[in-house]
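Written below as structure tokens is the structure these notes are about.
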Amino acid sequence: MVREPVAEIAGLFDVYQSGVVFHCLCAVTRLGVPDRLGEDPRPVSEVAAAVDADVDALRRVLRLLAGHQLVEFDPGTDRVSLTGRGMLLRRDHPLSLAATFATLGVSDVAHRTADALRTGRAAAPVALGTDFWSFLAARPDRQAVFSRAMAEQARLLSLPCVDLVDWPAEGVVVDLGGGTGALLAAVLDTAPGLRGVLVDQPQVLDRSRAAVAERGLADRCEVRAGDLFDPAPVGDVYVLSRVLHDWDDEAVVRILSAAAADAPAGARLVVFEDVLPEDGSASAAQAWADIAMMLLYEGARERTAEQYRTLLDRAGWQLTETVPGPPGMHVIDAVRRPG
Ligand SMILES: C[S@@+](CC[C@H](N)C(=O)[O-])C[C@H]1O[C@@H](n2cnc3c(N)ncnc32)[C@H](O)[C@@H]1O
């Protein structure tokens, strides 16, 4: 379809400008600006003082965000308030996405996309000087925000899928790379006879232990430091939620093989990941997620069900079923092949 050049130029500039809007939104959320705002208009100078920002710079950024329905800004009174959309960036909102926007991530590494395009390699090591996981391990403040972001996203993506899975009434569920434990806690809630083991990197486990204790599950759930590439604890059901898309194919086979190492024949593996269409297409959100993976982690990507089937097969698992969840998420069920 041919459109008027002027319309094409406007469309191009929309894209051009939305990049800056994204960075501004990440920056104000990182500074905690939404936490200082509510429905009642507040002087910009007060907000700037509260978050230690330059008042003129903050006013101009808020004026930009007002054009995107995130805040309401009245230049006459120099006061600002949050819209319903902006409220989602407050940390105390029940559906908060504050950490998702505040975390170190695409906003920080995307400026090296041209390098990634030339080399086919992740942008994070170029932008951060080290791989993403090592960067987080060395920066507890960033790790804490990342963990909160994962919990926010689990609430939207993995938790709604818990009811799609036929969990057993008893046995051990091993959640590998389980993060803050929100998903494993929800799984254990499905049956009092289930016990859990959460495995993750040592630097995330304080938060996982606290989350498990808060849910009253401490006596049914062990939280254990471990590596995805080492043989997993023995269990009846293994869970990998939003872990495999962080890794290249060879690493995925190693992770799946480590899960299979001591798993009894017939053990189940439940993978929570989005699944791309088989024809090479992707929705806009899927294409975005795929690029985010490409930029953040070496060799990481979104995959089709057939690609997961092949990788599972190489590691001794047989894919049995793929069930769609909410947009952006599927449940892939697999079983440990005998031998
Ligand atoms: C994208 S997060 C997903 C967290 C959680 N499963 C969820 O769905 O919210 C990936 C998780 O893998 C963990 N991880 C990364 N590398 C790891 C490794 N080598 N060994 C164990 N866990 C690792 C991270 O700490 C993080 O918790």
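Counting starts at 1 for both ligands and their atoms, in listed order.
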Hey, are [X] and [Y] close enough for a salt bridge, meaning a charged N less than 4.0 Å from a carboxylate O?
| X | Y | value |
| --- | --- | --- |
| Glu273 | Arg303 | no |
| Arg314 | Glu250 | yes |
| Asp313 | Arg309 | no |
| Arg268 | Asp333 | yes |

State the atoms of ligand 1, each with its element, that fall below the 4.0 Å cut-off from a heavy-atom position in Asp227. 19 (N), 20 (N)
What atoms in ligand 1 come closer than 4.0 Å to a heavy atom of Gly179? 27 (O)
Determine whether the side chain, the backbone, both or neither of Asp246 has a heavy atom under 4.0 Å from any heavy atom of ligand 1. side chain
Classify the contact between Trp247 and ligand 1 as side chain, backbone, both or neither, using a heavy-atom distance cut-off of under 4.0 Å. side chain
Are Asp200 and ligand 1 in contact, using a heavy-atom cut-off of under 4.0 Å? yes
Of all the heavy atoms in Gly226, does at least one lie under 4.0 Å from an atom in ligand 1? yes
Of Gln201, Gln143, Met329, which has the heavy atom at the shortest distance from atom 14 (N) of ligand 1? Gln201
Looking only at protein heavy atoms, identify the closest one to [atom] and say how far it is in Å.
| atom | answer |
| --- | --- |
| atom 8 (O) of ligand 1 | Ser241 OG, 2.7 Å |
| atom 2 (S) of ligand 1 | Met150 SD, 3.7 Å |
| atom 9 (O) of ligand 1 | Arg242 NH2, 3.2 Å |
| atom 20 (N) of ligand 1 | Leu228 N, 3.0 Å |
| atom 5 (C) of ligand 1 | Gly177 O, 3.4 Å |

Exercise: do Thr304 and Glu278 side chains pair donor with acceptor under 3.5 Å: yes
Donor-acceptor pair, Asp200 side chain versus Leu205 backbone, under 3.5 Å? no
Do the non-hydrogen side-chain atoms of Arg90 and Leu82 ever get within less than 4.5 Å of each other? yes
Can you find a heavy atom in the side chain of Asp115 that is under 4.5 Å from one in the side chain of Thr113? no
